[in-house]
Amino acid sequence: MADMMWAGRFSKEVDERVNDFNSSISFDARMYKHDIMGSIAHATMLGESGIIEMSESLAIIEGLKGILADLESGELAVDPNAEDIHMFVEAELTERIGYAGKRLHTARSRNDQVALDIRMYLRDEIDSIVKLAESLIETIIKLAEQNMTTIMPGYTHLQRAQPITFAHHVMAYAQMLLRDRERLQDAKKRMNVLPLGSGALASTTYPINRKRVCELLGFDDISQNSLDGVSDRDFCIELANVISILMMHLSRFSEEIVMWCSWEFKFIELDDAFATGSSIMPQKKNPDITELIRGKTGRVYGDLNTLLTMMKGTPLAYNKDMQEDKPAIFDAVDTVKLCLKTFVPMLDTMRVLPENMRNAAAKGFINATDCADYLVKKGLAFRDAYKITGTLVAKCIEKGLTLETLPLSEYKALCETFDNDVYDAINLETCVMQRKADGGPAPECVKAQIEYVKAKLS
Ligand code: ARG
């Protein structure tokens, strides 16, 4: 450990246990590319500003490019004994180019370096999560377009409530995911601010050009306060929050799929490639993917909690606590990507069973509101119509009938206003077609929803 970069002040080597405990290389090695890109921009600026010699700047840049290429090709492996990725890259650089390598860390601290690296790493990850969310939205649209007239019961309290279409039901998730996508893009905006130049906490006495680095690395702006630049992790927390909401949506959808493929519902059947069997019960076909997504949602909420709790008691500016940001936010990012990557093809291959949905819709009196509305349209007050219909439903239950099969005489016995056209009014197809207020389940309205989502995506 005598060659620890910060060894100068110390008279003893670090205890091996402390060394392992302190190290973050096992989880921050994944940021190698962003670390190197950040260092290349920093070295470029140092050279241009005359803080180091131009020749040194060029040597550093060449050296860093070589390290990146060798890491990508597999020629060079990250040293698992390095303290962190920043130390590893710097040590490798100095090994390769000698003295000039030691000048890279001029006017920089690992505190602003790590704040930079995570932002760069996460903004790329946001882009890939957005792409995955978009492919899920597209898959939902496809499913909706195939089921514009597939009637199913809509539920409240998991009780059959009113008739809708399967297209309308799944398009609700497209709206949620559209907002998730917007939240991701929004989080990226606030994340995309350059902290480099904040130094350890109090900026630097060197004449650095932060705007130049900002431009080189594609940031929208530079951070305005050096303490804030190195010491907040709100952008990680915000992303974990956005991912948690997205996971919550996936989890609700998953829960519905778990129900829908049960024998009790049988609204859908999962493709064999996206279901699993039981080790003991030969008849089983289990929706493991959706259950795992439900389960992993809890794990992502845990990551969010980790970050919030980690930050709540840390004084300004950097504290080592903050090294714990990475396992948590990386886990949230990895998990949501994994879930989306599996959910999309599962949904895409899932078979919809319209007859079973239609059968379920035929039971449960989901056209009772329409029956009451029929009377209202003929002049009754809704409250009276509601009461009459309730009595009719009770009568149906007593006689084992539905509103469709109850004879007109029974209708008329309760209210003279009923006529033969009541059967048209409570026909499930009519009930759906008539729900054509903006945002409703009528196919023309769902078509408009789909157009809206498509326009947002393009
Ligand atoms: N590995 C550290 C982290 O992830 C890098 C910053 C270290 N800074 C320090 N002052 N020890 O936070």
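All values derive from a computational prediction rather than experimental measurement.
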Find the distance between CD (Gln434) and NZ (Lys377) and round it off to the nearest 0.5 Å. 6.0 Å

Pair Glu256, Tyr173: side-chain N/O donor-acceptor within cut-off below 3.5 Å: yes

Give me the atom names and distance for the closest heavy-atom approach of Tyr411 to Leu406. CE1-O, 3.4 Å

Does Arg435 reach the main-chain N or O of Cys431 with its side chain, forming a donor-acceptor pair under 3.5 Å? yes

What is the distance from atom OG1 of Thr306 to atom CD1 of Ile329, rounded to the nearest 0.5 Å? 10.5 Å

From NZ (Lys454) to CD1 (Ile141), nearest 0.5 Å: 6.0 Å

Is there a side-chain contact between Met259 and Tyr155 (heavy atoms, below 4.5 Å)? no

Within the 3.5 Å criterion, strictly below it, is a donor on Asp288 or Thr276 matched to an acceptor on the partner's side chain? yes

Modelled atom types, side-chain donor and acceptor of His42 and Gln113, under 3.5 Å: no

Quick one: closest heavy-atom pair of Leu340 and Pro345, and the distance? O-CD, 4.5 Å

Quick one: do Asp186 and Arg183 satisfy salt bridge (charged side-chain N to carboxylate O under 4.0 Å, His left out)? Show the steps, please. CA-CA 5 Å; Asp186 204 42; Arg183 272 187 281 267; over 6 Å; no

Under 4.5 Å between any side-chain heavy atoms of His34 and Asp124, yes or no? yes

Rounded at 0.5 Å granularity, tell me how far CD in Glu134 sits from OG in Ser458. 10.0 Å

Check whether the side chains of Ser254 and Ser251 place a donor and an acceptor atom closer than 3.5 Å, and report yes or no. no

Side-chain touch Ile293/Met346, heavy atoms, less than 4.5 angstrom: no

Donor-acceptor pair, Asn192 side chain versus Gly218 backbone, under 3.5 Å? yes

For the aromatic rings, using the six-membered ring if either is Trp, is the centroid distance between Tyr32 and Phe88 under 6.0 Å? no

Of all the heavy-atom pairs spanning Phe418 and Lys412, show the shortest one and how long it is. O-NZ, 2.7 Å

How many angstroms lie between OG in Ser24 and CE in Met322, if you round to the nearest 0.5 Å? 13.0 Å

Pairing donors with acceptors under 3.5 angstrom, does anything connect the side chains of Tyr318 and Gln323? no

Within the side chain of Lys447, is there an N or O that forms a donor-acceptor pair under 3.5 Å with the backbone of Met148? no

With a 6.0 Å cut-off on the ring centroids, do Phe166 and Phe267 count as close? no

Counting only N and O atoms by type, is there a donor-acceptor contact under 3.5 Å from the side chain of Asp112 to the main-chain atoms of Ser109? yes

Find out whether the Lys NZ or Arg CZ of Arg123 is both under 6.0 angstrom from the six-membered ring centre of Phe219 and within 45° of the ring's axis. yes

Could you check whether any side-chain heavy atom of Leu132 comes within less than 4.5 Å of a side-chain heavy atom of Phe343, counting everything from C-beta outward? no

If every non-hydrogen atom of Ile164 is compared with every non-hydrogen atom of Pro153, which pair is closest and at what distance? CG1-C, 4.1 Å

Are Met248 and Met176 close enough that some pair of their side-chain heavy atoms sits under 4.5 Å apart? no

How close do Ser223 and Ser198 get, counting heavy atoms only, and between which atoms? OG-OG, 3.8 Å

Can you name the closest pair of heavy atoms from Val446 and Gly440 and give their distance? CG2-O, 3.8 Å

